[in-house]
Amino acid sequence: MEVHFSPELQAKVDRVDAENRRNADEYVQQLVEHYLDHDAWFRQKVTASMDKLDRGEFLSHEEVGARLQKMFQR
(Lines give C-alpha, C1' and ligand atoms only; values in the text may rest on other atoms or scores of the structure.)
Protein backbone atom coordinates (compact mmCIF):
# COMPACT_ATOMS: atom_id res chain seq x y z
CA MET A 1 0.00 0.00 0.00
CA GLU A 2 1.18 3.47 -0.75
CA VAL A 3 -0.12 6.52 1.08
CA HIS A 4 0.30 10.11 -0.05
CA PHE A 5 0.24 12.99 2.42
CA SER A 6 -0.25 16.68 1.91
CA PRO A 7 3.00 18.64 2.23
CA GLU A 8 1.85 19.96 5.61
CA LEU A 9 1.11 16.50 6.98
CA GLN A 10 4.34 15.11 5.55
CA ALA A 11 6.23 17.87 7.36
CA LYS A 12 4.59 16.83 10.64
CA VAL A 13 5.51 13.19 10.04
CA ASP A 14 9.07 14.20 9.19
CA ARG A 15 9.30 16.28 12.38
CA VAL A 16 8.12 13.38 14.53
CA ASP A 17 10.44 11.04 12.64
CA ALA A 18 13.38 13.26 13.57
CA GLU A 19 12.32 13.26 17.23
CA ASN A 20 11.71 9.49 17.52
CA ARG A 21 14.00 6.52 17.39
CA ARG A 22 11.75 4.78 14.88
CA ASN A 23 11.50 5.60 11.23
CA ALA A 24 8.42 7.23 9.76
CA ASP A 25 7.03 3.96 8.34
CA GLU A 26 7.01 2.29 11.75
CA TYR A 27 5.52 5.39 13.34
CA VAL A 28 2.69 5.68 10.81
CA GLN A 29 1.96 1.94 11.05
CA GLN A 30 1.68 2.24 14.83
CA LEU A 31 -0.61 5.27 14.51
CA VAL A 32 -2.88 3.47 12.07
CA GLU A 33 -3.00 0.37 14.26
CA HIS A 34 -3.90 2.41 17.35
CA TYR A 35 -6.51 4.34 15.40
CA LEU A 36 -8.12 1.16 14.07
CA ASP A 37 -8.11 -0.46 17.53
CA HIS A 38 -9.73 2.63 19.04
CA ASP A 39 -12.26 2.83 16.22
CA ALA A 40 -13.29 -0.81 16.77
CA TRP A 41 -13.61 -0.20 20.54
CA PHE A 42 -15.64 2.97 19.98
CA ARG A 43 -18.00 1.31 17.50
CA GLN A 44 -18.58 -1.59 19.91
CA LYS A 45 -19.41 0.83 22.74
CA VAL A 46 -21.83 2.79 20.55
CA THR A 47 -23.54 -0.41 19.39
CA ALA A 48 -23.86 -1.65 22.98
CA SER A 49 -25.29 1.70 24.07
CA MET A 50 -27.78 1.75 21.21
CA ASP A 51 -28.87 -1.76 22.16
CA LYS A 52 -29.48 -0.56 25.73
CA LEU A 53 -31.59 2.31 24.42
CA ASP A 54 -33.62 -0.10 22.30
CA ARG A 55 -34.28 -2.19 25.43
CA GLY A 56 -35.37 0.91 27.35
CA GLU A 57 -32.35 0.86 29.65
CA PHE A 58 -31.74 4.56 30.13
CA LEU A 59 -32.38 7.40 32.57
CA SER A 60 -34.48 10.45 31.83
CA HIS A 61 -33.06 13.94 32.24
CA GLU A 62 -34.97 14.27 35.50
CA GLU A 63 -33.65 10.95 36.84
CA VAL A 64 -30.07 11.97 36.09
CA GLY A 65 -30.64 15.31 37.84
CA ALA A 66 -32.12 13.61 40.90
CA ARG A 67 -29.19 11.18 41.12
CA LEU A 68 -26.64 13.99 40.81
CA GLN A 69 -28.43 16.06 43.43
CA LYS A 70 -28.52 13.10 45.82
CA MET A 71 -24.85 12.34 45.17
CA PHE A 72 -23.73 15.91 46.00
CA GLN A 73 -25.91 16.27 49.11
CA ARG A 74 -23.83 13.80 51.06
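Source: prediction; values computed, not measured.
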According to a hydrophobic-cluster definition based on side-chain heavy atoms being under 4.5 Å apart (Ile, Leu, Val, Met, Phe, Trp, Tyr only), do Phe42 and Val32 belong together? no
Let me check something: do Met71 and Val64 share a hydrophobic cluster, defined by ILVMFWY side-chain heavy atoms less than 4.5 Å apart, either directly or through other members? yes
Contacts of Asp25 that satisfy side-chain contact (heavy atoms from CB on, under 4.5 Å) - sequence neighbours left out: Asn23
Atom pair CG/CD of Asp14 and Glu19 - distance to nearest 0.5 Å: 11.0 Å
CZ on Arg15 to CG on Asn20, rounded to 0.5 Å: 10.5 Å
Contact check, side chains of Val3 and Val28, non-hydrogen atoms, under 4.5 Å: no
Could you go step by step and tell me if Glu33 and Gln30 meet the side chain to side chain contact (heavy atoms under 4.5 Å, CB included) rule? CA-CA 5 Å; Glu33 182 177 6; Gln30 183 183 19; 5.6 Å; no
Please check if atom CZ in Arg43 has more than 12 non-hydrogen atoms from other residues, nucleotides or ligands closer than 6.0 Å. no
Tell me whether Met50 at atom CE has more than 12 heavy atoms from other residues, nucleotides or ligands lying less than 6.0 Å away. no
So, for Gln10 and Phe5, which heavy atoms are closest and what is the spacing to 0.1 Å? OE1-CD1, 3.3 Å
When every non-hydrogen atom of Ala24 is compared with those of Val13, the smallest separation belongs to CB-CG1, 3.8 Å
What pairs with His38 under ring pair (Phe, Tyr, Trp, His ring centres under 6.0 Å), at least two apart in sequence or on another chain? Trp41
